[in-house]
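Remarks on the structure that follows.
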Amino acid sequence: LKMVNIRKVECPKDKLSIKCPNTMTPTRIVIHNTANDASAANEITYMHKNTNQTSFHFAVDDKEIVQGIELNRNAWHASDGNGKGNREGIAIEICYSKSGGEKWLKAVENAAELTAKLLKDYGWGIDKVTKHADYTNKHCPHRILDEYGWENFLNLVKSKMSAGTTPAPVPSTPKSGINTAVLEWQKVAMADGYKFPKYGADGKWGAECESVAKAAICKQRLTYTNKN
């Protein structure tokens with residue numbers, strides 16, 4: 001399996017002074033979770049159309065990565081004014097973060113692939129991966145912090161970095177259907193005492209995962225928002 005396609009959508013010229021007014025030499029990556037269930041394409045379209053300053057470089061969903069701002073321009077995403085988050089950080093928004101579930105977990109995996117690619121492109125180590133909460137008191141990326149685990153996300157990025165050149169194969173056998181993000185989530189749940197009696201930690205999202213997600217508090221790492 002290869003990394004999903006990165007599609008670039010140019011920021012409208014009349015929005016450059018609002019969304020990305022300053023030149024930037026990136027020094028870090030800043031991870032975010034969206035507060036809705038919009039696709040990557042819709043996130044970028046909305047950002048480009050509105051007149052708010054809020055902006056970000058990439059939006060990632062379960063099917064694609066969409067880039068909306070050039071990496072040599074700043075974006076307003078880290079809530080730190082002209083601090084290092086806003087002025088030196090490459091912002092990645094992970095989609096479907098309101099409801100979570102399988103599509104979100106695939107988006108997490110795709111975001112980890114993108115993060116690994118950027119680290120390799122810039123010659124950075126894993127210490128350059130930061131989160132929105134590092135720059136402000138905002139609890140973001142909320143679903144990663146509450147459900148997936150920040151260290152688990154960093155470990156997923158590291159696994160992508162060690163898998164070879166990016167775009168990289170998922171560290172599983174081809175055609176296996178294993179989603180490494182789901183697998184890591186299952187391991188966290190099992191470590192907290194939850195059971196997957198029929199299939200175990202198989203890296204596949206199904207009825208057992210839905211059942212655990214709905215029931216789980218898992219020491220405030222696993223949460224579930226009813227999709228209805």
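One is the number of the first residue; the rest follow in order along the sequence.
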Self-check item: Nearest-0.5 Å distance, CD1 of residue Ile65 to CD1 of residue Ile94
Solution: 10.5 Å
Please check if the side chain of [X] supplies one atom and the backbone of [Y] the other of a donor-acceptor pair under 3.5 Å.
| X | Y | answer |
| --- | --- | --- |
| Lys131 | Cys140 | no |
| His48 | Gly68 | yes |
| Ser159 | Leu156 | yes |
| Arg87 | Asn82 | no |

Tell me whether [X] shares a hydrophobic cluster with [Y], the cluster being built from Ile, Leu, Val, Met, Phe, Trp, Tyr side chains joined at under 4.5 Å.
| X | Y | value |
| --- | --- | --- |
| Leu71 | Ile69 | no |
| Ile29 | Phe56 | no |
| Trp76 | Ile92 | no |
| Ile90 | Val108 | yes |
| Val66 | Tyr96 | no |

Quiz prompt | Sequence-distant partners of His132, ring-ring contact (aromatic ring centres under 6.0 Å, His included), two or more places apart | solution = His32
Donor-acceptor contacts under 3.5 Å from residues 17-25 side chains, at least two apart:
residue: Lys19; atom: NZ; partner: Met47; partner atom: O; Å: 3.1
residue: Lys19; atom: NZ; partner: Asn50; partner atom: OD1; Å: 2.6
residue: Lys19; atom: NZ; partner: Asn52; partner atom: O; Å: 2.4
residue: Lys19; atom: NZ; partner: Thr54; partner atom: O; Å: 3.1
residue: Asn22; atom: ND2; partner: Asn74; partner atom: OD1; Å: 3.4

Quiz prompt | Cluster companions of Tyr46 among Ile, Leu, Val, Met, Phe, Trp, Tyr (side-chain spacing under 4.5 Å) | solution = none
Quiz item: Cluster partners of Tyr135, using ILVMFWY side-chain heavy atoms under 4.5 angstrom, listed by chain and number?
Solution: Val30
Quiz item: Taking only residues two or more places apart in sequence, or in another chain, which ones meet Lys138 in a side chain to side chain donor-acceptor pair (under 3.5 Å)?
Solution: none
Quiz item: Are more than 12 heavy atoms from other residues, nucleotides or ligands located less than 6.0 Å from atom NZ of Lys15?
Solution: yes
Self-check item: Step-by-step side-chain contact (heavy atoms from CB on, under 4.5 Å) determination, His77 to Asn86
Solution: CA-CA 6 Å; His77 56 93; Asn86 279 337; 4.0 Å; yes
Quiz item: Any salt bridge between Asp121 and Lys117, counting N to O under 4.0 Å?
Solution: yes
Quiz item: Can a donor-acceptor pair be found between the side chains of Ser99 and Asp37 at a distance below 3.5 Å?
Solution: yes
Would you tabulate the side-chain donor-acceptor contacts of residues 3-10 under 3.5 Å, counting partners in other chains and residues two or more places apart, or write 'none'?
residue: Arg7; atom: NE; partner: Glu64; partner atom: OE1; Å: 3.0
residue: Arg7; atom: NH2; partner: Glu64; partner atom: OE2; Å: 3.0
residue: Lys8; atom: NZ; partner: Glu70; partner atom: OE1; Å: 3.4

